[in-house]
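Working notes, structure below.
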There are 2 protein chains.
Amino acid sequence: MYCMRKVVSSGQPTIKEIAKRLNISVSTVSRALHDHHSIGLRTKTRVKQLAAEMNYERNQTAIYFQQGKTFTIGILLPELSEAFFSSAISGIEDTAYSNNYTVLLGQSHDDEDREKQIIQSMKQHRVDGCIVSIGKNTSSYDHFEMLQQARIPVVFFDRIPDLPNIHSVSCNLESGTVQAVDFLLKQGHRIIGMINGPETMVASKERATGYIKALRKHRLKYDPELIVNADLTATGTAEAMQYLLSLKRKVTAVVTFNDYVAMDAVQYALKQKLEINKDITFVSYANTPVSGYTAFPPAASVEQFPYEQGQAATNMLMSLLSGEQALNDYKHTIMESQLVIHHR
Amino acid sequence: MYCMRKVVSSGQPTIKEIAKRLNISVSTVSRALHDHHSIGLRTKTRVKQLAAEMNYERNQTAIYFQQGKTFTIGILLPELSEAFFSSAISGIEDTAYSNNYTVLLGQSHDDEDREKQIIQSMKQHRVDGCIVSIGKNTSSYDHFEMLQQARIPVVFFDRIPDLPNIHSVSCNLESGTVQAVDFLLKQGHRIIGMINGPETMVASKERATGYIKALRKHRLKYDPELIVNADLTATGTAEAMQYLLSLKRKVTAVVTFNDYVAMDAVQYALKQKLEINKDITFVSYANTPVSGYTAFPPAASVEQFPYEQGQAATNMLMSLLSGEQALNDYKHTIMESQLVIHHR
DNA sequence: TTGTAAGCGTTATCAC
DNA sequence: GTGATAACGCTTACAA
């Protein structure tokens, strides 16, 4: 005969207790609380009343366990305090919330090991799916393949890995760049420089392609001299500016990699006694709100919609979870970037 | 005789399967995997080997359920995309991570109903504890009392409710304000204005008190005319500036509510053809990194350490969860703010 | 309309 | 050193 272990009773009432008090079975209580059709009105109200009285609340951990589903999605991002990602999380959380999902959070700090540990932990938590933006230096993707094998769908966004079979959402900067260069051309600029990012980045390639396409559209010749790859630091930007301003063909406008680079470039131009928006005009990316507070914000900036990217990624995950989209139906949603004009 | 329901088998192997394959009992498997002392080396290795082979991973949902503990903490914040809060989350997540806790996230958008729903959802998720920064308009605290009743500890931070028995972490702005005013006085400023926030905010009161204390320290008379309460919008700030500049006593420095207000105030001053840091000097709060990119950043800014506040709140929650600190031992950790000087 | 009991995966208690 | 089994709270197929 085994000892009846004393129930630890977390204090929280259970359906068992409700059942005992009403002298009915737990299944009846369960069904009553779920508004099951086969339950008599009288019993139903009695149950609900007592449940309310006892402050009953269902134990989700039991339900998760029993149903093998947690209504939780894992989010893995490099850095929560980066403006781009915090907007993205905001979009993810809002969308998840309205689909009755909650959000488990982890930041990798661009560290591959930590990334693996977080994925591991999310897998153990039995999240229903994941939304991931990979770290700068992540080179092996085994941890994500483990997730796939465990049939946990993953949607990558913004920083997506170079793999064939993945679900992803990202923002194509090509169209935004075309708009940006169009904008400058319409203002009469003909010699337009570009301070681009490291050549290796997908985002840099998209910018360059957009730049060239826009010129071609206007039947203008593309001069490779005018695009310079920089490292996005303040000094790198100053050097790039120095180079561009030293060219024989007089540059009257510059497309910069992002608003921060634009600010650094503006500082350099001011030192050279150039008048912003007259001697030289800047256009950039990200549309960071704070750049509105600077003395000389870029004349226009390409919005990359982090909040919307977060929404799109979450929606895609939701259709994967609902079965609406098959797990092996790999989709790559590409959002279009868009130029926002601040000053003509 | 009841039908043996076919196991749905989420695909993930269980200790049961391992036991069957090795012809031993589940308890043995469980113990082997936990390195229980009473298990023979042979069995232990056999079990571990097979487990690895089968890609066995323990089902945390089962363990959470069984142990009544989830190693998850809930975080409720007004707005994830606000720089202050995203730094705070970053600190919370890092600390939680190193204590083997994961983080469940929710944003209230300053909406009281959503706040209640999120708390409800976290309670249902059976989080072990919560870290909360309340919404602007939250006036009833029943939802938090429910948590307390359910013995789920809550640590409030930054935006803390006006209640007697709570755990909290916040940053006292009084000392930072004293430093800020000291700084200006040492530079020779004697007529110092202050654009403060709404009178109702605790943070506004702390700023005003600090301002007055600093003057008293230097045996200077406090002129109430010099403190103006504004609504933190750009137009509100412009009005406040107009008022301050209209005073008979010539204001040469202004303490603004935060860096954004400072930027707005700078814009107004520039329009009035005032030279920044010469005709008028600004000092503010938050030490937002981007203000470094503006043409005229405040000469100094009071750092409020969001990351560290997040850490402190998480550490406090950890000691509550470990029992190191009793649930009814209400502590209010007050961090000191600190002036960061950008320009002399 | 309601009750009975199996089963989800794990741990822990007890017996051998 | 190992096995059998209760218990955690809930849902649900089946019986009554």
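Not measured: the values here are computed from a predicted model.
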Whichever of V26(A) and K44(A) has its nearest DNA chain C nucleotide further upstream toward 5':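 Mapping each residue to its closest nucleotide by heavy atoms, the 5'-most match is K44(A).
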For S38(B) and for K16(A), find the nucleotide of DNA chain D with the closest heavy atom, then tell me which residue's nucleotide is more 5'.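 Looking at DNA chain D, the more 5' nearest nucleotide goes with S38(B).
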If only side-chain N and O atoms count, and only distance matters, is there a donor-acceptor pair under 3.5 Å linking S170(A) with S168(A)?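 No pair is found: no donor N or O on one side chain lies under 3.5 Å from an acceptor on the other.
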Cut-off 3.5 Å, side chains only: do S90(A) and S87(A) have a donor facing an acceptor?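 Side-chain D/A pair, S90(A) to S87(A): absent.
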If you measure from the ring centre of F65(B) to the centre of the six-membered ring in the base of dC8(D), is it under 5.5 Å, with the planes under 30° apart?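 It does: the ring sits over the base of dC8(D).
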Within this structure, what is the [atom1]-to-[atom2] distance between [X] and [N], rounded to whole angstrom?
X: I15(A); N: dT4(C); atom1: CD1; atom2: C1'; result: 14 Å
X: H34(A); N: dG9(D); atom1: NE2; atom2: P; result: 16 Å
X: Q66(A); N: dA13(D); atom1: CD; atom2: C1'; result: 12 Å
X: H37(B); N: dA12(C); atom1: NE2; atom2: P; result: 13 Å
X: Q67(A); N: dC8(D); atom1: CD; atom2: P; result: 20 Å
X: L33(A); N: dT2(C); atom1: CG; atom2: P; result: 13 Å
X: I63(A); N: dG9(D); atom1: CD1; atom2: P; result: 12 Å
X: N59(A); N: dC8(C); atom1: CG; atom2: C1'; result: 14 Å

Which label fits F157(A) and F84(A): parallel for a plane angle under 30°, tilted from 30 to 60°, or perpendicular past 60°?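 Taking F84(A) first and then F157(A), their aromatic rings lie parallel (interplane angle under 30°).
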At under 4.0 Å between heavy atoms, what does R31(B) touch on the DNA or RNA strands: base, sugar-phosphate, or nothing?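 Base: the residue R31(B), judged by heavy atoms under 4.0 Å, touches a nucleobase.
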Report which part of the nucleic acid T61(B) touches: base, sugar-phosphate, or nothing (heavy-atom distance under 4.0 Å, all strands).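 T61(B): no heavy atom of the nucleic acid under 4.0 Å.
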Are OP1 or OP2 of [N] and a side-chain N or O of [X] less than 4.0 angstrom apart?
X: S30(A); N: dT11(D); value: yes
X: T14(B); N: dG9(C); value: no
X: S27(A); N: dC10(D); value: no
X: Y56(B); N: dT10(C); value: yes
X: T28(A); N: dT2(C); value: no

Do K116(A) and D111(A) meet the salt-bridge criterion of a basic N to acidic O distance under 4.0 Å?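 No.
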Taking the six-membered ring of Y64(B) as reference, does the cationic atom of R126(B) (NZ for Lys, CZ for Arg) lie under 6.0 Å from its centre and within 45° of its axis?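 No, R126(B) and Y64(B) do not form such a contact.
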